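For reference, the structure I am asking about is given below.
Counting starts at 1 for both ligands and their atoms, following the listed order. Remember, it's a predicted structure, so these values are computed and weren't measured experimentally.
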Amino acid sequence: MKNIAILGSTGSIGTQTLDVIANDPEQYRVTGLAAGTNVDLLVRQAQIFRPAKVCLATKAAADQAAVLLPPGIEVLHGCEGLDEIAAGTGSDYVVTALVGSQGIRSTMAAIEAGASIGLANKETLVTAGHLVMRRAAEKGVAILPVDSEHSAIFQCLNGESRRTVRKITLTASGGSFRDKTRAELEGVTVEQALNHPNWAMGAKITIDSATMVNKGLEVIEAHWLFNAAYDQIDVLLHPESIIHSYVEFVDHSVIAQLGWPDMRIPIQYALSYPDRRPTPTAPLDLAKLGKLHFREMDYARYPCLRLAYEAGRAGGSAPAVYNAANEVAVARFLKGEIAFLDIERVIATVLDAHAVCELPDLAAIAEVDERARLEASAV
Ligand SMILES: NC(=O)C1=CN([C@@H]2O[C@H](COP(=O)(O)OP(=O)(O)OC[C@H]3O[C@@H](n4cnc5c(N)ncnc54)[C@H](OP(=O)(O)O)[C@@H]3O)[C@@H](O)[C@H]2O)C=CC1
Ligand SMILES: CC(=O)[C@@H](O)[C@H](O)COP(=O)(O)O
Ligand SMILES: [Mn+2]
């Protein structure tokens, strides 16, 4: 029995994680749940899964939840509450499914407590990969990828030595505007951008898929998770999202991982690893699919991906700046303040003005992140 805490339980990954847990109740017990402001859903989840502690982002939301929750559940709020869910519920496994770089602090708290991490929150690794991976290694903590591409690579590698890997290829669906030219991106709406062709996900990552920032973040995430050089990481357009990613070895043998685009498969694998367990998903039917398609990545069409490689190669604080500028730009786009194509302009402008700090600690990352956010709000 694994004792699991979920940070971001009311989101797309959080709810699907609870779906996987509900489907396999003898394997997992929920010890803690944390959410932002969705009181009603958090209360419903707590009624079903009976965690010892729950947390909401604000005191007002926590007070609202306290009167609705079953007796005996401790209600926390804010950053300290989130730390307590990550490290103080006796869990041996923490799923990090918050959105954005706000996930760093609680991920570090979970690592300090010695819990294994089911990592969905890719922004954490993009921003502080050197610190997260080093501390996890020091503490002997496993970081298990939830992100579909990284789960695929993890499964393809299956413990094989990094020495034998020639190339890692991340597949990209192309997002909601994959069939549009750059000229056609002028004037696209928020509603159109949120219409991902293959995956039902939170708003921020759905916009990131459309700009290809998501794949950029995933390239940096793969660099840290698999200790791979940027020259070893490729991206291939694959509109169907059936091949979730693949690894080419030095003998030119290629191993890929396939499945319907359903996050419950990588979530289940991250939870049950090293075991494999059944999932409540449909079996893949290649005969029904008939064809799969692939296109070479066009870096002029998707400049945000090129910028991610540049930030990753620059290293140090550059990926944190890329991420922070993007988080602000996406929030502004979603509020209707800027156009879709302004997202790449904001990232490029903020990144361009940044003088890289080489090995930032958490305090330096927080400082750089805050400055990049201010700049991204103003350009
Ligand atoms: N969705 C997917 O299929 C995939 C997602 N990922 C990654 O997983 C992460 C989560 O994505 P996704 O589930 O789509 O995002 P969602 O927006 O659907 O969910 C985000 C979660 O974070 C919670 N949250 C937001 N702010 C706070 C806060 N201040 N304190 C506590 N909780 C907070 C939200 O709570 P509330 O709603 O209550 O406000 C919600 O539970 C992201 O990093 C994303 O890149 C990776 C691969 C696939
Ligand atoms: C489900 C998942 O892992 C997402 O990160 C997904 O990869 C988004 O799809 P694209 O970024 O390929 O559009
Ligand atoms: Mn992904």
With a 4.0 Å cut-off on heavy atoms, does Ala97 reach ligand 1?
yes
How long is the straight-line distance from CG of Asn121 back to OG1 of Thr107, given to the nearest 0.5 Å?
5.5 Å
shortest atom 13 (O) of ligand 2-to-protein heavy-atom contact is with Ser173 OG, 2.5 Å
Return a yes/no value for Ser12: is any of its N or O atoms, backbone included, closer than 3.5 angstrom to an N or O of ligand 1?
yes
What do you reckon, does Gly36 have a nitrogen or oxygen under 3.5 Å from a nitrogen or oxygen of ligand 1?
yes
Of all heavy-atom pairs between Ser241 and Trp199, which one has the smallest distance, and what is that distance?
OG-NE1, 3.5 Å
Regarding Glu80 and Arg105, does a basic nitrogen lie under 4.0 Å from an acidic carboxylate oxygen?
yes
Contacting atoms of ligand 1, where contact means under 4.0 angstrom from a heavy atom of Ala120:
6 (N), 7 (C), 8 (O), 43 (O), 46 (C)
Tell me whether the count of non-hydrogen atoms from other residues, nucleotides or ligands lying under 6.0 Å of CZ in Arg163 goes above 12.
no
At the Mn ion (ligand 3), OD1 of Asp147 and OE2 of Glu218 open up to roughly (10° bins) 100°
Between Gly202 and ligand 1, is there a nitrogen or oxygen pair with a distance under 3.5 Å?
yes
How does Met212 reach ligand 2, if at all, at less than 4.0 Å between non-hydrogen atoms: by side chain, backbone, both, or neither?
neither
For Lys122, the ligand 2 atoms with a heavy-atom partner under 4.0 Å come out as 5 (O)
Does Lys139 NZ have over 12 foreign heavy atoms under 6.0 Å away?
yes
Distance to 0.1 Å, residue and atom name: give those for the protein heavy atom nearest to atom 9 (C) of ligand 1.
Leu98 O, 3.3 Å
If I consider every N, O or S atom in Glu149, which one ends up closest to the Mn ion (ligand 3)? I only need its name.
OE1
Could you tell me the residue and atom name of the protein heavy atom closest to atom 26 (N) of ligand 1, and the distance to it rounded to 0.1 Å?
Gln102 NE2, 3.1 Å
Run the side-chain hydrogen bond (donor to acceptor under 3.5 Å, both in side chains) test on His244 and Ser151 for me, step by step, so that the C-alpha distance in whole Å, both residues' side-chain angles and the decisive distance to 0.1 Å come before the verdict.
CA-CA 8 Å; His244 296 301; Ser151 174; over 6 Å; no
In terms of residue, atom name and distance, what is the protein heavy atom nearest to atom 43 (O) of ligand 1?
Glu123 OE1, 2.6 Å
Residue and atom name of the nearest protein heavy atom (relative to atom 11 (O) of ligand 2), distance in Å to one decimal
Asn214 ND2, 2.8 Å
Shortest protein heavy-atom distance from atom 47 (C) of ligand 1, along with the residue and atom involved
Asp147 OD1, 3.2 Å
Would you say ligand 1 has an N or O under 3.5 Å from any N or O of Ala200?
no
Begin with the C-alpha distance, continue with both residues' side-chain angles, and end with the deciding distance and a verdict on salt bridge (Lys or Arg N to Asp or Glu O under 4.0 Å) for Glu344 and Arg182.
CA-CA 12 Å; Glu344 64 195 44; Arg182 276 190 69 76; 2.3 Å; yes
Starting from atom 7 (O) of ligand 2, what is the nearest protein heavy atom, named by residue and atom, and what distance separates them?
Glu149 OE2, 2.3 Å
So, are Glu240 and Lys291 salt-bridged, with charged N and O less than 4.0 Å apart?
no
Are Phe340 and Phe177 near enough that their ring centres are under 6.0 Å apart?
yes
Under 4.0 Å from one or more heavy atoms of Ala172, ligand 2 contributes atoms 12 (O)
Any side-chain heavy-atom pair from Pro51 and Thr89 closer than 4.5 angstrom?
no
Starting from atom 31 (C) of ligand 1, locate the nearest protein heavy atom and write down its residue, its atom name and how far away it is, to 0.1 Å.
Ala35 O, 3.2 Å
Should we count CD of Glu138 as having more than 12 external heavy atoms under 6.0 Å?
yes
Relative to ligand 1, is Lys204 under 4.0 angstrom through side chain, backbone, both or neither, heavy atoms considered?
neither
Students should be able to answer this: which protein heavy-atom is nearest to atom 2 (C) of ligand 2, and at what distance?
Ser148 OG, 3.3 Å
Quick check on salt bridge (Lys or Arg N to Asp or Glu O under 4.0 Å): which of Arg277, Arg276, Lys2 does Asp24 satisfy it with?
Arg277
Is there a nitrogen or oxygen of Met263 sitting under 3.5 Å from a nitrogen or oxygen of ligand 1?
no
What I want to know is whether Asn214 and ligand 1 share at least one N or O pair that is separated by under 3.5 angstrom.
no
Heavy-atom neighbours of Glu296 CD exceed 12 at 6.0 Å:
no
Using non-hydrogen atoms of the residue, decide whether His238 is closer than 4.0 angstrom to ligand 2.
no
Distance filter under 4.0 Å to Ile13 heavy atoms, resulting ligand 1 atoms
1 (N), 2 (C), 3 (O), 4 (C), 5 (C), 8 (O), 13 (O), 48 (C)
Val146 with Leu271, same ILVMFWY side-chain cluster at under 4.5 Å:
yes
Got the closest protein heavy atom to atom 19 (O) of ligand 1, with its distance?
Gly11 CA, 3.2 Å
Salt-bridge present (Glu370, Arg373; N to O < 4.0 Å)
no
Residue, atom and distance of the protein heavy atom nearest atom 41 (O) of ligand 1 read Thr10 OG1, 2.7 Å
Considering only NZ, NE, NH1 and NH2 on the basic side and carboxylate oxygens on the acidic side, decide whether Arg295 and Asp179 come within less than 4.0 Å.
yes
I'd like to know if Asp231 and Arg313 make a salt bridge, using a cut-off of under 4.0 Å between side-chain N and carboxylate O.
yes
Show which atoms of ligand 2 fall inside a sub-4.0 Å distance from at least one heavy-atom site of His196.
9 (O), 10 (P), 13 (O)
Considering only non-hydrogen protein atoms, determine which one is nearest to atom 39 (O) of ligand 1 and report residue, atom name and distance to 0.1 Å.
Thr37 N, 3.0 Å
Hey, is Ile205 touching ligand 1 through its side chain, its backbone, both or neither, going by heavy atoms under 4.0 Å?
side chain
Contact between ligand 2 and Glu218 is defined here as a heavy atom of the residue under 4.0 Å from a ligand atom; is it met?
yes
Nearest non-hydrogen partners of Leu170 and Ser245, listed with the distance:
CA-OG, 3.3 Å
Have a look at ligand 2 and work out which part of Asp208, if any, has a heavy atom under 4.0 Å from it: side chain, backbone, both or neither.
neither
Considering only protein heavy atoms, which is closest to atom 4 (C) of ligand 2, and at what distance to one decimal place?
Met201 SD, 3.7 Å
Check this for me: does any side-chain nitrogen of one of Arg332 and Glu337 sit under 4.0 Å from a carboxylate oxygen of the other?
yes
Within-cut-off N or O pair, Asn38 and ligand 1, under 3.5 Å
yes
